[in-house]
Amino acid sequence: PVPLSGTESLATIHQGTNIAKAGSTPETVATTNIGIDNAQFAQISNTTPSTVINDSPTASTAQIRTSIQPVFITVDDLDLKGAEIRGSSNKLFTHFSYTWVDREDWIPYLGIGFDVEIGNTGHNDESDSSSCDNGISCALSKWAILVKGGVSFD
């Protein structure tokens, strides 16, 4: 095995840059790294150049490429401000419980509750910068019904 340092700085989460061109088979393109950064044919050694050949049956003579100067991701490449979100919500919670006390050795109890949380979803006006659609001010709304029961022993 020969380690390769092929990087694709223009690749997205959905697709890489190894896209087949007219006249080439998709297998050859994907296994030879034609869309990588600073592409150069991979060699085993600088002193005795020996090419790295892809050994798949569809591209048995296609030479693999590697990035001679790999392009690494830096903090400046990340959109940290775009990932920020703020929001606020209001929550109401209630719980009712009943305990049967007219028992001697064991005491059953039953409880039921409800909570609702109403989140700020901004306004529907697209010109408003606090709209939830643009991800600036957004909070989830949710609700729950709670049931609790059990037995305690005296």
Side-chain angles (χ1 to χ4, degrees), residues 1-97 109-151:
V2 177
L4 300 175
S5 60
T7 61
E8 293 184 63
S9 62
L10 297 177
T12 66
I13 195 169
H14 302 289
Q15 181 175 344
T17 57
N18 284 332
I19 300 171
K21 293 183 172 50
S24 61
T25 64
E27 295 85 8
T28 302
V29 172
T31 58
T32 58
N33 292 337
I34 64 167
I36 61 173
D37 302 317
N38 306 318
Q40 189 171 18
F41 288 117
Q43 297 179 357
I44 294 174
S45 165
N46 286 339
T47 57
T48 58
S50 177
T51 60
V52 179
I53 303 295
N54 185 352
D55 60 356
S56 69
T58 57
S60 60
T61 59
Q63 188 173 355
I64 299 174
R65 293 169 180 82
T66 188
S67 297
I68 295 303
Q69 285 80 28
V71 178
F72 295 107
I73 192 167
T74 64
V75 174
D76 296 331
D77 295 327
L78 302 175
D79 182 13
L80 298 177
K81 291 285 185 187
E84 290 179 353
I85 190 167
R86 67 174 182 256
S88 63
S89 66
N90 297 301
K91 187 169 188 174
L92 176 67
F93 171 82
T94 186
H95 183 261
F96 299 101
S97 181
Y109 59 91
L110 179 66
I112 187 164
F114 175 78
D115 78 39
V116 62
E117 186 169 359
I118 301 167
N120 176 16
T121 58
H123 303 283
N124 292 332
D125 183 10
E126 291 184 18
S127 64
D128 185 4
S129 64
S130 67
S131 174
C132 186
D133 293 336
N134 64 17
I136 300 299
S137 178
C138 201
L140 294 175
S141 296
K142 56 186 175 180
W143 60 272
I145 297 175
L146 314 162
V147 178
K148 178 174 87 170
V151 176

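Heavy atoms only, all atoms of each residue included: Asn38 and Val71 are closest at ND2-CG2, 4.1 Å. When all heavy atoms are compared, the tightest approach of Ser88 to Ala139 is O-CB, 3.3 Å. Pairing each heavy atom of Arg65 with each of Ala39, the nearest pair is CD-CB, 4.1 Å. The two residues Leu146 and Phe114 come nearest to each other via the heavy atoms CD1-N, 4.4 Å. Ile68 and Pro70 get closest at one heavy-atom pair: O-CD, 3.4 Å.
Qualifying side-chain contact (heavy atoms from CB on, under 4.5 Å) partners for Leu140, counting only residues two or more places apart in sequence or in other chains: none. Judged as a side-chain contact (heavy atoms from CB on, under 4.5 Å), and not counting sequence neighbours, the contacts of Asp77 are Ile73, Thr74.
Side-chain contact check for Ser67 and Asp37: no donor-acceptor pair (N or O, by modelled atom type) lies under 3.5 Å.
To the nearest 0.5 angstrom, Ile112 atom CD1 is 11.0 Å from Ser97 atom OG.
When side chains are defined from C-beta on, Lys91 does not count as touching Ser89, because their heavy atoms never get closer than 4.5 Å.
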